[in-house]
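Data first, discussion second: the structure below is written as structure tokens.
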Amino acid sequence: MSHRADVVRRARALLGRTISGHGVTVRITEVEAYGGCEDPASHAYTRTPRSEIMYGPEYRLYVYRSYGIHFCANVVTGPTEIGAAVLLRAGEVTSGHELARFRRGETPPERDVQLARGPGNLAQALGITLADLGTDLLADHEQGDDGEFTGVRLGPECRGRPRIASGPRVGVSKAADVPWRFWLDGDPTVSAYRRSPRAPTPG
DNA sequence: CCAAAGATCGTG
DNA sequence: ACGATCTTTGGG
């Protein structure tokens, strides 16, 4: 099995799985695979201090700031010599709605499908910042003094076989031909597709 | 040192 | 189509 097939399989396996962040839980509905040093679109393509975490242990959290405004959350999937990772692009909030709405700016409940739609919004809903960089997403839950769970963790693996659709990655100008964006077919929380302004025009 | 680009989002 | 806002990266 090639490394490319490996990160793709792991990206698909994250769909339907839950991730909890600082009191909010979402069911992951959209992801993108990034093939590390073998993928020109990956931050790990050029190995630098920022991307070093991607060459570390699997199921750690890679967080980066996007356009000076947003944070984006990724799951490092290994192997360590490749530095592959999966960007979490969208999810459905399943608990902590009040907190998620507050973090997103007091949006009304009728717009809950948008709470974690788009990678920046997903990270914001979960309260993920650079302070969470490197978090072990599979570690045993930590609890504060009040007994409430704090931190970022993945839930158990999804058992079912959901209908998965795929297409080109959003906002990516390099390797725009590979269909490494995956989402739960028909799910209303999936983000809108916007091609990179720099992507080569097809045809 | 400096300039430029960027795995975005909301608004117009 | 554009602006907000800042880190990382690479070139001089």
Side-chain angles (χ1 to χ4, degrees), chain A residues 3-4 7-8 10-12 14-15 19 21 26 28-56 60-78 82-91 93 100-108 110-134 137 152 165-183 188-201:
Chain A
H3 294 127
R4 286 176 171 81
V7 66
V8 162
R10 291 193 160 184
R12 297 171 66 102
L14 281 169
L15 290 174
I19 185 169
V26 310
I28 300 167
T29 59
E30 180 187 353
V31 297
E32 278 175 2
Y34 285 87
C37 64
E38 300 178 346
D39 179 2
S42 171
H43 288 173
Y45 188 65
T46 53
R47 189 167 180 165
T48 62
R50 180 178 67 165
S51 61
E52 193 59 32
I53 180 114
M54 301 171 84
Y55 290 92
R60 297 286 170 88
L61 187 64
Y62 167 51
V63 183
Y64 68 92
R65 189 187 292 273
S66 178
Y67 289 82
I69 299 179
H70 309 281
F71 294 110
C72 295
N74 304 250
V75 179
V76 174
T77 59
I82 299 300
V86 176
L87 171 66
L88 305 181
R89 284 198 53 89
V93 175
R101 290 184 202 118
F102 171 74
R103 285 176 177 157
R104 293 275 288 112
E106 299 288 3
T107 60
E110 55 266 30
R111 275 189 259 170
D112 275 0
V113 291
Q114 301 185 31
L115 279 179
R117 183 158 76 179
N121 294 336
L122 173 72
Q124 188 175 35
L126 293 176
I128 290 176
T129 68
L130 290 175
D132 299 300
L133 181 63
L137 296 171
V152 187
S166 67
R169 293 174 290 189
V170 175
V172 169
S173 57
K174 296 170 181 176
D177 52 320
V178 339
W180 277 3
R181 173 184 179 231
F182 303 97
W183 63 93
T189 65
V190 170
S191 71
Y193 176 70
R194 287 182 191 79
R195 170 195 298 255
S196 165
R198 289 172 174 72
T201 54

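Values in this document were obtained by computation on a predicted structure and should not be read as measured data. To find a chain, count down the sequence lines: A is the first, B the second, and so on, and within it residues start at 1.
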Exercise for review: Describe the nucleic acid contact of R198(A) in one word from base, sugar-phosphate, nothing, applying a heavy-atom distance below 4.0 Å.
Suggested key: sugar-phosphate

Point to revise | Residue whose nearest DNA chain B nucleotide is more 5′ - P119(A) or S173(A) | key: S173(A)

Revision key, fill the gap. To the nearest angstrom, the CD1-C1' distance between I69(A) and dG6(B) comes to 12 Å

Practice item. Please indicate yes or no: is the ring centre of Y34(A) less than 5.5 Å from the centre of the six-membered base ring of dA7(B), with the two planes inclined by under 30 degrees? Key: yes

Exercise for review: From the options dT8(B), dA7(B), dT5(C), select the nucleotide whose nearest atom is closest to the side chain of H70(A).
Suggested key: dT8(B)

Exercise for review: Check whether any side-chain N or O of H43(A) sits under 4.0 Å from OP1 or OP2 of dT8(C), and answer yes or no.
Suggested key: no

Point to revise | Length of the CD1-C1' vector between I53(A) and dA7(B), whole Å | key: 17 Å

Revision key, fill the gap. From NZ of K174(A) across to P of dA7(B) the rounded distance in Å is 8 Å

Review point. Do any side-chain nitrogens or oxygens of R104(A) fall under 4.0 Å of OP1 or OP2 in dG10(B)?
Key: yes

Exercise for review: Flag this pair as yes if the NZ/CZ of R47(A) is under 6.0 angstrom from the six-membered ring centre of Y55(A) and inside a 45 degree cone about the axis; otherwise no.
Suggested key: yes

Point to revise | Within 6.0 Å of CZ in R111(A), more than 12 heavy atoms from elsewhere | key: no

Check your understanding: Looking at R89(A), R104(A), H70(A), which one forms a side chain to side chain donor-acceptor pair (under 3.5 Å) with N121(A)?
Key -> R104(A)

Check your understanding: Which of these nucleotides, dA7(B), dC9(B), dC6(C), is closest to any side-chain atom of R65(A)?
Key -> dC6(C)

Exercise for review: Take atom CZ of R195(A) and atom C1' of dA7(B), then tell me their distance rounded to the nearest Å.
Suggested key: 15 Å

Check your understanding: Any sub-3.5 Å donor-acceptor pair from S51(A)'s side-chain atoms to Y45(A)'s backbone N or O?
Key -> no

Exercise for review: Would you mind classifying the nucleic acid contact of R47(A) as base, sugar-phosphate or nothing, using non-hydrogen atoms under 4.0 angstrom?
Suggested key: nothing

Exercise for review: Nearest whole angstrom, please: distance from the C1' of dC9(B) to the CG of L122(A).
Suggested key: 14 Å

Point to revise | Along DNA chain C (nearest heavy atom to each residue), the more 5'-positioned of P49(A) and S66(A) | key: S66(A)

Review point. Mind checking whether W180(A) and D39(A) have side chains closer than 4.5 Å, heavy atoms only?
Key: yes

Review point. Stacking check: are the rings of Y67(A) and dA4(C) less than 5.5 Å apart at their centres and under 30 degrees in tilt?
Key: no

Check your understanding: Could you state the OH-P distance from Y45(A) to dA5(B), rounded to the nearest angstrom?
Key -> 19 Å

Point to revise | Proximal nucleotide (of dG6(B), dT5(C), dA7(B)) relative to the Y62(A) side chain | key: dA7(B)

Point to revise | Watson-Crick or G-U wobble mate for dC2(C), both contacts under 3.5 Å | key: dG10(B)

Point to revise | Whole-Å gap separating P (dT8(B)) and CG (L87(A)) | key: 8 Å

Exercise for review: Determine the contact category for R169(A): base if any of its heavy atoms lies under 4.0 Å from a base atom, sugar-phosphate if only primed atoms, P, OP1 or OP2 are that close, otherwise nothing.
Suggested key: nothing

Check your understanding: Base, sugar-phosphate alone, or nothing: which one does N74(A) contact when heavy atoms must sit under 4.0 Å apart?
Key -> base

Review point. Is dG11(C) paired to anything, Watson-Crick or G-U wobble with both distances less than 3.5 Å, and if yes, which nucleotide?
Key: dC1(B)

Review point. Distance only, no hydrogens: is a donor on one side chain within 3.5 Å (strictly under) of an acceptor on the other, for E30(A) and S191(A)?
Key: yes

Practice item. Let me know the distance between CZ of F71(A) and P of dT5(C), rounded to the nearest Å. Key: 14 Å

Practice item. Would you classify T46(A) as touching base, sugar-phosphate or nothing, given that sugar-phosphate means primed atoms plus P, OP1 and OP2, and contacts are heavy atoms under 4.0 Å? Key: sugar-phosphate

Review point. Out of dT8(B), dT8(C), dA7(B), which has the shortest distance to the side chain of R50(A)?
Key: dT8(C)

